[in-house]
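Hydrogens, waters and symmetry mates are skipped; everything else that's a heavy atom, side chains included, is used. Because the structure is predicted, anything quoted here is derived from the model rather than measured. Order of listing sets the numbers, starting from 1, for every ligand and every atom in it.
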Amino acid sequence: MPKNRLFTTSRDLRSALSLLQEKGLSIGFVPTMGALHAGHLSLIDRALSENDWVVISIFVNPTQFNNQEDLAQYPRTLDSDLLLIGSRNNCIIFHPEIAEVYPQNQFFVPIDLKGIDAVMEGKFRPGHFKGVVHVVHNFFQIIKANRAYFGQKDFQQLAIIRKMVAHFNFSTEIVSCETLRESSGLAMSSRNMRLNSSDIEAALIIYKTLLFVKENKLKMNPQSLKTSATDFFKSGDLQLEYLEIVDEKTLTNAEDWQSTNVCCIAAYCNKVRLIDNIVL
Ligand code: PAF
């Protein structure tokens, strides 16, 4: 019996998973857009340690890109992704075509995300979260996993997925996993593949600014710290899209310090859009 399996159709994947689930075996799910790096592998390894089998989707979801150039440039590295997964056991790779994920006759009503989709990423990438919610919803329906694993680097995505799960009453448990960083502090991301060494050096301003905010929490109010941190960021060479200090649940601007706030940054390093955050 092969140790890992690859499916390209929802129907075949569902039949295989039904057989496993009928035997009482647990399923973990790691959704990805491919271009796997150590951050993804840590999600996969955590999922493998907590479930009998792990489904890894590799699907560059067109509906979550508001910028066609970004979609076209998104790295696609299926062969090396399969090699990386190949050093593990009990992985089920799902690599579907668009029509498999979005069946023509599907009736899907976008859900009300109560404004948490309108700030930060949602403000600068209109329609992005609608696409994320739709694709993750469709995957959850096909896979019916016990647990699904998401990285905290996409902090806002995680908050939105939790709302989506509550809305549709999915029984899949959401497991959030810490952001993996290079030794320099740069958050791991598939988009880093598009950075050269001087870009990487310049991109470190993101993490340095997040640390600046963490070190200065409580020394001034959130609004003043946002201003100082923005000035600090601008001493570097990246183009800032937003720097926000928010409440971890509502994602609205923090008026006062709470036990948990989050600072989120999005910026362009040349044409590559990078995001990161730190829990304060
Ligand atoms: O975080 C991502 O890579 C994507 O947004 C996801 C969750 C795989 C949906 O396409």
(request) Consider only side-chain N and O atoms of His134 and Gln106, and report whether a donor and an acceptor are under 3.5 Å apart. (result) yes
(request) Could you tell me whether the side chains of Ser18 and Arg14 share a donor-acceptor contact shorter than 3.5 Å? (result) yes
(message) Below the 3.5 angstrom mark, is there an N/O of Gln157, backbone or side chain, next to an N/O of ligand 1?
(response) yes
(request) Looking only at distances, please establish whether an N/O atom of ligand 1 is found under 3.5 Å from an N/O atom of Thr32. (result) no
(message) If you take the nearest heavy atom of each of His134, His40, Gln64, which one is closest to atom 4 (C) of ligand 1?
(response) Gln64
(request) Considering the heavy atoms of Pro31, write down every atom of ligand 1 situated less than 4.0 Å from one of them. (result) 8 (C)
(request) Mark up the atoms of ligand 1 that fall under 4.0 Å of a heavy atom belonging to Val135, in ascending order. (result) 9 (C), 10 (O)
(request) Flag yes if more than 12 heavy atoms outside Asn89 fall under 6.0 Å of its CG atom; otherwise flag no. (result) yes
(request) Considering heavy atoms of the protein only, find what lies nearest to atom 3 (O) of ligand 1 and give residue, atom and distance to 0.1 Å. (result) Met33 CG, 3.7 Å
(request) Provide the closest heavy-atom pair for Phe233 versus Ala267 in the form atom of the first, atom of the second, distance. (result) CZ-CB, 3.6 Å
(request) For the pair Asp112 and Lys163, find out whether any cationic side-chain nitrogen is under 4.0 Å from an anionic carboxylate oxygen. (result) no
